[in-house]
Amino acid sequence: MPIDPTLEYDDQNIFAKILRGEIPCSKVFEDQWALAFHDINPQAPAHVLVIPKGAYVSWDDFSAKGGDAEIAGFVRAVGHVSRELGLVEPGYRLLANIGMDSHQEVPHLHVHIFGGKPLGPMLMR
Ligand code: AMP
């Protein structure tokens, strides 16, 4: 079920539980600002999720309420993970779903990193 991104942050969402260590993840990277882990249902040979440590429902919430340091830290973490995965030279795709029309399912901001094969054009059907 897609989530309503205008609702208050729900600290029982699955990524909040991963951040608290209550649910395991396949960790790729962690620093002060972000945690990156492999998507449980990969849609490409490389499919990693990067989430901020702070409690933000979506990119909209984060861009409106996030502090400058945590926004910078998060953006740098996404770039760092993509480089560490070796995706810069072949190329990769970033995706952040926000709300109903995008079918966002987890109400904690996450950026998808896709790569590891030619991804083709972005299609809207
Ligand atoms: P979205 O549709 O953008 O909200 O994407 C949510 C993503 O989270 C999906 O690609 C799921 O496969 C992924 N996901 C859900 N639960 C987990 C989990 N426990 N560990 C890793 N990825 C997950």
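Order of listing sets the numbers, starting from 1, for every ligand and every atom in it.
- In this structure, Q43 has no heavy atom closer than 4.0 Å to ligand 1.
- In L95, neither the side chain nor the backbone holds a heavy atom less than 4.0 Å from any atom of ligand 1.
- Looking from atom 7 (C) of ligand 1 to the surrounding protein, the closest heavy atom is D39 OD2, 3.5 Å.
- With hydrogens and angles disregarded, no donor-acceptor distance shorter than 3.5 Å links the side chain of E70 to the backbone of F62.
- Annotation for ligand 1: atoms under 4.0 Å from non-hydrogen atoms of H38 are 21 (C).
- Close approach to N41 involves these atoms of ligand 1, each under 4.0 Å from a residue heavy atom: 12 (O).
- In this pair, W59 and F74 present their aromatic rings tilted. The plane angle is within the 30 to 60° band.
- For atom 4 (O) of ligand 1, the closest non-hydrogen atom on the protein side is E105 N, 2.6 Å.
- Contact of the P90 side chain with the K117 side chain is not registered, since no non-hydrogen atoms from C-beta on lie closer than 4.5 Å.
- Every atom of ligand 1 is numbered from 1 in the order shown, and the set under 4.0 Å from a heavy atom of Q104 is 4 (O).
- Proximity of V28 to E84: side-chain heavy atoms (C-beta onward) are nowhere separated by under 4.5 Å.
- From the protein, the heavy atom lying nearest to atom 23 (C) of ligand 1 is I40 CG2, 3.5 Å.
- With a 4.0 Å cut-off on non-hydrogen atoms, I14 touches ligand 1 through its side chain and not its backbone.
- By heavy-atom distance, the residue among H112, H103, H110 lying nearest atom 2 (O) of ligand 1 is H103.
- Contact annotation: the side chain of V57 never approaches that of L7 to less than 4.5 Å [non-hydrogen atoms, C-beta and beyond].
- Taking the six-membered ring for Trp and thresholds of 30 and 60 degrees, F15 and H110 have ring planes more than 60 degrees apart, a perpendicular arrangement.
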Output, in order, the C-alpha distance, side-chain angles, deciding distance and verdict of side chain to side chain contact (heavy atoms under 4.5 Å, CB included) for H103 and N97.
-> CA-CA 7 Å; H103 220 274; N97 290 317; 5.9 Å; no

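- More than 12 heavy atoms of other residues, nucleotides or ligands lie within 6.0 Å of CD in E22, so this atom counts as buried by the packing criterion.
- F15 CZ, 3.5 Å is the protein heavy atom nearest to atom 8 (O) of ligand 1.
- Under a 4.0 Å heavy-atom criterion, V106 is in contact with ligand 1.
- Atoms of ligand 1 found under 4.0 Å from any heavy atom of N97, numbered from 1 in the order shown, are 1 (P), 2 (O), 3 (O).
- Counting atoms of ligand 1 from 1 in the listed order, those under 4.0 Å from a heavy atom of L49 are 8 (O), 13 (C), 22 (N).
- H112 and F114 have parallel rings, their planes meeting at less than 30° on a 0 to 90° scale where 60° marks the start of perpendicular.
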